[in-house]
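Taking it in order: structure first as structure tokens, then the write-up.
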Amino acid sequence: MTKGFTVIELIIIIVIIGILAVMVIPRMMDTGPINARESAELVAADIRRTQELALSGISSQSVIFTSGNGSYTAGGRTVALPAGVTIGTTTTITFNRQGVPSANPSFSVNVGGVTVTVIQNTGRVTLS
């Protein structure tokens with residue numbers, strides 16, 4: 001009696017692995033929600049950075065968002081978002097030298113479906 005696999009057993013194993021690969025790989029390739037969340041975190045970090053620039057400088061600093069764009073301007077530099085992620089809101093957030101945003105009750109920016117909110121007076125940045 002020989003030990004090992006027959007050709008038929010090997011073919012069956014390869015077919016099973018192929019079926020599993022066809023079912024799993026498309027789910028692994030959908031990175032849209034991940035890119036949107038990471039982009040919103042990038043926007044939140046840039047808003048905080050712009051606030052810190054305003055606090056450390058002699059002039060106010062702004063973050064400018066334009067709906068439909070894949071980039072925005074923060075503290076005088078343009079930041080590109082990952083492919084497929086766009087800004088859904090047109091607004092400008094300006095921080096004065098005390099770091100206070102010029103907001104009505106608050107600013108909200110839609111970044112690929114994730115909302116970034118800047119609270120008036122405190123400048124606190126949240127994601128939802």
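Every value quoted in this text rests on a predicted model; they were computed, and no experiment measured them.
With respect to Ile13, the side chain to side chain contact (heavy atoms under 4.5 Å, CB included) criterion is satisfied by exactly one of Val15, Leu10, Ile17: Ile17.
The shortest non-hydrogen separation linking Ala80 to Ser71 is CA-CB, 3.9 Å. Scanning all heavy atoms of the two residues, the minimum distance from Ala36 to Gly112 falls at CB-O, 3.3 Å. The two residues Ser62 and Thr92 make their nearest non-hydrogen contact at CB-CG2, 4.1 Å. Residue Gln120 comes nearest to Pro101 through the heavy atom pair CA-CG, 4.2 Å, listed as atom of the first residue, atom of the second, then distance. Nearest approach of Val114 to Ser128, heavy atoms of both residues: CG1-O, 3.5 Å.
Proximity of a side-chain donor or acceptor of Thr6 to a complementary backbone N or O of Glu9 within less than 3.5 Å is detected. Checked by atom type and distance alone, the side chain of Arg48 pairs as donor or acceptor with a backbone atom of Val125 at under 3.5 Å.
Within a 6.0 Å radius of CD1 in Ile8, no more than 12 heavy atoms belonging to other residues, nucleotides or ligands are found.
Residues Gln51 and Gln98 are not in side-chain contact: their nearest non-hydrogen atoms beyond the backbone lie 4.5 Å or more apart. Residues Thr78 and Tyr72 have side chains not in contact (no heavy-atom distance under 4.5 Å, counting atoms from C-beta outward). Between Asp46 and Val63 the shortest side-chain heavy-atom distance does not fall below 4.5 Å. With contacts defined as side-chain heavy-atom distances shorter than 4.5 Å, the pair Ile87/Thr66 does not qualify. Contact check for Val116 versus Ile47: side-chain heavy atoms found under the 4.5 Å cut-off. Counting heavy atoms from C-beta on, the side chains of Leu127 and Thr115 never come closer than 4.5 Å. Side-chain contact between Thr50 and Phe95 is present, with at least one heavy-atom pair separated by less than 4.5 Å.
Hydrophobic clustering places Val79 together with Val118 (ILVMFWY residues linked when any side-chain heavy atoms are closer than 4.5 Å, directly or through intermediates). Leu55 and Ile119 are members of different hydrophobic clusters when ILVMFWY side chains are connected at heavy-atom separations under 4.5 Å. Under a hydrophobic-cluster definition in which Ile, Leu, Val, Met, Phe, Trp and Tyr are linked whenever side-chain heavy atoms come within less than 4.5 Å, directly or via other members, Ile93 and Ile64 are assigned to different clusters.
When only modelled atom types and interatomic distance are considered, Ser67 and Thr90 share no side-chain donor-acceptor pair under 3.5 Å.
Between atom OG1 of residue Thr94 and atom CD of residue Gln61 there is a gap of 9.5 Å, rounded to the nearest 0.5 Å. Separation of atoms CG (Leu53) and CZ (Arg77) is listed at 8.5 Å; rounding is to 0.5 Å.
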*Apply side-chain contact (heavy atoms from CB on, under 4.5 Å) to Asn110 and Phe65, showing your working.*
CA-CA 10 Å; Asn110 184 318; Phe65 300 99; over 6 Å; no
